[in-house]
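Per chain, numbering begins at 1; letters A, B, ... match sequence-line order. All figures in this text were calculated on a predicted structure; none of them were measured in a lab. Both backbone and side-chain heavy atoms feed into the values below; hydrogens, waters and symmetry mates do not.
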Amino acid sequence: MFGALTIIAMAAAGAVAAPANDAVERWRLSEPLAAYVENSSGEVLALDCIGASCKYLLALNGVCPEGLRIGTIVNSQVGETVTTLTCHTNSKGNIMVIGDANLGQLMSGDKIAFAFTHVDSLIAVARFSLAGANEAIATVMANAQQRDAAAPTP
Amino acid sequence: MFRTIALMIMAVLAASPAVAATAAPEADQIFGQWRASADATSVLAYTQNESGAQFGFGCSDGRCFYYLYTRAGCVVDRQYDLLLSSQTAGDAPQIHSAFPRAVCGAGEGDDADLRALYFDGQNMPAVIAASVVAIAIPAEDSQFRVSKFSLEGASAAVTWARARYGQAPASGDAPQ
């Protein structure tokens, strides 16, 4: 369903070739239509344009039952927004689809953070670097537009 | 509105917990870890954690609202999206969450340095009918500041404050 599941699984397994210092805390293009960043806790934030539309995805540590929707506050140095995370699972792991399609507007500054309800600690925070995010996101979006423009009209 | 509540918050902050517990004004009511007080024009129900942060409920000038005071402060008139996440005690704990939009208010005069976040009570009865709540506040540096508070006695304290102010209780405000 989501190409980023493969990306995330590869990142978690260290299969994405990269210098050690770049393997975390920096956005990377995994393929023309997807980009991701992994934080020091092994959590992943990704932009996935492999499907019909572009989606921002999170892969967090812990269980994420299929279909569960939880609220989250997203905070960066340019602002904050409230949106939902929807869990999807398959054999490769679980991911959360971020409900705000305009999340890219918050992708400025050094870091972006997500606060959400957590069973054990009540509130958990996942934080990601935005170093290289603008370039990676712009590349993926441009590639997606080229793909869509080249697609035959029904 | 904020002037009256700010004065009451300042009065609470000025008293150490030990002093407050033994020398509280006669009008103060104690509900578990929460206490409530009233004067001629306003009511306040609140709890204070070990860091000196306050989470409470107040009514003044015909309005009732929840508030959050922390030492970190906030930017006056800026709106903040908050995450409140509370959990019931017991063998099958339930989690309730709310995302109120709060506004940062400042005190006046001698209380001009006081900053607190205010928000309405939508979805709050379910949130405060629990044993503990964590509140996340977005910070300017893309971080979140998280404060935790006991909710033991919260529903009863808020119900008392609403009744004292002459406001009908909200659904779910029943005493614990």
Does any part of the side chain of [Y], heavy atoms only, come nearer than 4.5 Å to the side chain of [X], both counted from C-beta?
| X | Y | value |
| --- | --- | --- |
| B:T70 | B:R145 | no |
| B:D81 | A:T81 | no |
| A:Y36 | A:R28 | yes |
| A:I123 | B:S85 | yes |

Query raised in the report: What pairs with A:Q146 under side-chain contact (heavy atoms from CB on, under 4.5 Å), at least two apart in sequence or on another chain?
Result: A:N143
Report task. Output the option from A:T72, A:T117, A:I70, A:N75 having the highest count of non-hydrogen pairs under 4.5 Å with chain B. Result -> A:N75
Go through the atoms of [X] and report whether side chain, backbone, both or neither lie under 4.5 Å from a heavy atom of chain A.
| X | value |
| --- | --- |
| B:I95 | side chain |
| B:Q87 | both |
| B:Q79 | backbone |
| B:V133 | backbone |

Query - Region of A:V78 in contact with chain B, defined by heavy-atom distances below 4.5 Å - result: neither
Query raised in the report: Short question: side chain of B:Y80, backbone of B:V75 - any donor-acceptor pair under 3.5 Å?
Result: yes
Report task. Go through B:A136, B:P93, B:A139, B:P138 and name the one with the most non-hydrogen pairs under 4.5 angstrom from chain A. Result -> B:P138
Query raised in the report: Quick one: of B:S86, B:S97, B:A134, who has the most non-hydrogen atom pairs under 4.5 Å with chain A?
Result: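 Ranked by heavy-atom pairs under 4.5 Å with chain A, first place is B:A134.
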